[in-house]
Amino acid sequence: MSDNEPNDSPAEKTGGGALNVEDVRRLLDACWKAKRITELLPSLPKGMKPRHVHVIDAIWHINEPSGQHTAVARVGDVSAFLDVTTPSVTKLVNELVRLGLVEKHATADDRRAVTLTLTKQGMTCRRTYVEQYHAHLMHVLAPLAVDQCNTTVDTLNTALRLMHADLIQRDKTNGPDSDSKGTDR
C-alpha cells in the first residue's frame, strides 16, 4: 500500500472494533515511518546522537522551574522523564559531559548523588536542535490538526505500553533463556 492510498481497514470503516492483522501491519508500518521521521532531523555535531538531544532537553525541562543555573535534575529524573533505563541515561550523560554540553554537580548532602546542568554550549545546542527546529517544524506540520497530533501521540504511547507489557509477560512465560524479545530481527 502506498502512502497515498486510502486506509480502508474494517475497524476504520466501522469507527472502532478490534484490530485485524492488516490493521496491526499498518500500525507497525506507521511506527517504521515514525522512525524514518526522526532520521530526517538536522545533522548533529560530530560525536552527538539524537538521544543526546533528548537528554539535553530533559535536563532543561527538569531544571526550568528552578532556573537553568540551579541544578535539580538527577540522572533518575532524566530517566523517568524520558521513560528509559537509568544505565542508558548514565551513559548518555557521561558522553555529554565529555562533549562539554552537560556539567555534573555533587550534592552537599550526598557526594555520590549528582545533579545536572547544561553548559553554555549545551544551552546553545538545545536552542538550535530543539527550540529553533521545533519552531521550524511547527510551520512544516501546519497542515496537521491538533487532534491528529494528540491521537498519534496517544496511539503510539498506548501501543508501546501494551507491547512492553506483552514482552514482560512472554519473558515470564518463556523463562529468562528464551528469545522473546526478537533480538534476531
Side-chain angles (χ1 to χ4, degrees), residues 30-161 163-165 167-168 181 183 185:
C31 291
W32 283 107
K33 288 177 183 171
K35 182 182 182 298
R36 285 181 32 214
I37 287 171
T38 65
E39 293 164 355
L40 299 174
L41 298 174
S43 297
L44 296 169
K46 185 177 175 158
M48 282 196 69
K49 307 174 209 171
R51 292 304 293 171
H52 287 142
V53 176
H54 289 136
V55 171
I56 287 170
D57 192 42
I59 293 168
W60 186 90
H61 278 284
I62 294 164
N63 285 340
E64 182 58 18
S66 300
Q68 291 304 318
H69 298 294
T70 304
V72 294
R74 296 175 185 247
V75 170
D77 300 328
V78 174
S79 175
F81 188 92
L82 297 174
D83 194 24
V84 296
T85 65
T86 301
S88 60
V89 171
T90 299
K91 180 179 183 236
L92 290 165
V93 164
N94 288 336
E95 292 169 357
L96 288 167
V97 168
R98 281 192 294 278
L99 290 168
L101 300 169
V102 169
E103 192 172 338
K104 289 181 178 181
H105 309 275
T107 60
D109 55 330
D110 183 353
R111 303 297 288 172
R112 295 169 298 163
V114 296
T115 54
L116 309 166
T117 56
L118 301 179
T119 63
K120 185 175 179 178
Q121 186 180 354
M123 292 293 284
T124 300
C125 179
R126 183 185 180 279
R127 193 172 310 109
T128 301
Y129 295 100
V130 177
E131 290 175 33
Q132 292 174 358
Y133 189 62
H134 287 188
H136 168 74
L137 286 180
M138 183 178 68
H139 298 291
V140 170
L141 300 173
L144 296 177
V146 172
D147 63 330
Q148 288 175 293
C149 178
N150 292 340
T151 298
T152 301
V153 169
D154 291 345
T155 300
L156 291 174
N157 284 333
T158 301
L160 177 61
R161 180 181 49 78
M163 292 177 73
H164 184 70
L167 174 66
I168 291 169
K181 293 179 185 156
T183 54
R185 285 186 238 160

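Since the structure is predicted, the reported quantities are computational estimates derived from the model, not experimental observations.
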Candidate pair I56 and L96, rule side-chain contact (heavy atoms from CB on, under 4.5 Å), full reasoning: CA-CA 8 Å; I56 287 170; L96 288 167; 3.9 Å; yes
Pair T128-Y133, side-chain contact (heavy atoms from CB on, under 4.5 Å): steps then yes or no: CA-CA 6 Å; T128 301; Y133 189 62; over 6 Å; no
Worked verdict on E103 versus V97 for side-chain contact (heavy atoms from CB on, under 4.5 Å): CA-CA 6 Å; E103 192 172 338; V97 168; over 6 Å; no
Intermediate values then yes/no, side chain to side chain donor-acceptor pair (under 3.5 Å), T117 and H69: CA-CA 7 Å; T117 56; H69 298 294; over 6 Å; no
CA sep, side-chain torsions, deciding dist, call: I62, V78, side-chain contact (heavy atoms from CB on, under 4.5 Å): CA-CA 8 Å; I62 294 164; V78 174; 3.9 Å; yes
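Separating the OG1 atom in T70 from the CD atom in E64 is a distance of 10.5 Å, to the nearest 0.5 Å. Remark: R74 CZ to T86 OG1 distance equals 13.0 Å, nearest 0.5 Å. Taking CG of L167 as the reference point, atom CE of M163 lies at 9.0 Å (rounded to 0.5 Å). Distance check, rounded to the nearest 0.5 Å: NZ of K35 to CG of L40 gives 11.0 Å. Annotation: the span from H61 atom NE2 to I59 atom CD1 amounts to 11.5 Å, rounded to 0.5 Å.
In the displayed structure, H164 atom NE2 is contacted under 6.0 Å by at most 12 heavy atoms of other residues, nucleotides or ligands.
The only member of R126, R127, R51 that meets salt bridge (charged side-chain N to carboxylate O under 4.0 Å, His left out) when paired with D57 is R126. When each of M123, M48, E95 is tested with L101 by the rule side-chain contact (heavy atoms from CB on, under 4.5 Å), just one qualifies, namely M48.
Side-chain N or O atoms of H52 include one that pairs as donor or acceptor with a backbone N or O of K49 at under 3.5 Å. Looking at N63, its side chain never comes within 3.5 Å of a backbone N or O of A71 through a donor-acceptor pair. Side chain of S79 to backbone of V84: a donor-acceptor contact under 3.5 angstrom is found. No side-chain donor-acceptor contact under 3.5 Å links N150 to the backbone of D147. Within the 3.5 Å criterion, the main-chain N or O of Q148 finds no donor-acceptor partner in the side chain of T151.
A heavy-atom distance below 4.5 Å is found between the side chains of L116 and K104. Using a 4.5 Å heavy-atom cutoff, the side chains of T155 and T152 are not in contact. T85 places a side-chain heavy atom less than 4.5 Å from the side chain of S88. Residues P50 and L44 are in side-chain contact: their nearest non-hydrogen atoms beyond the backbone lie under 4.5 Å apart. You'll find the side chain of K91 stays beyond 4.5 Å of the side chain of N94, heavy atoms only.
Counting all heavy atoms, side chain and backbone alike, D77 lies closest to V72 at OD2-O, 3.5 Å.
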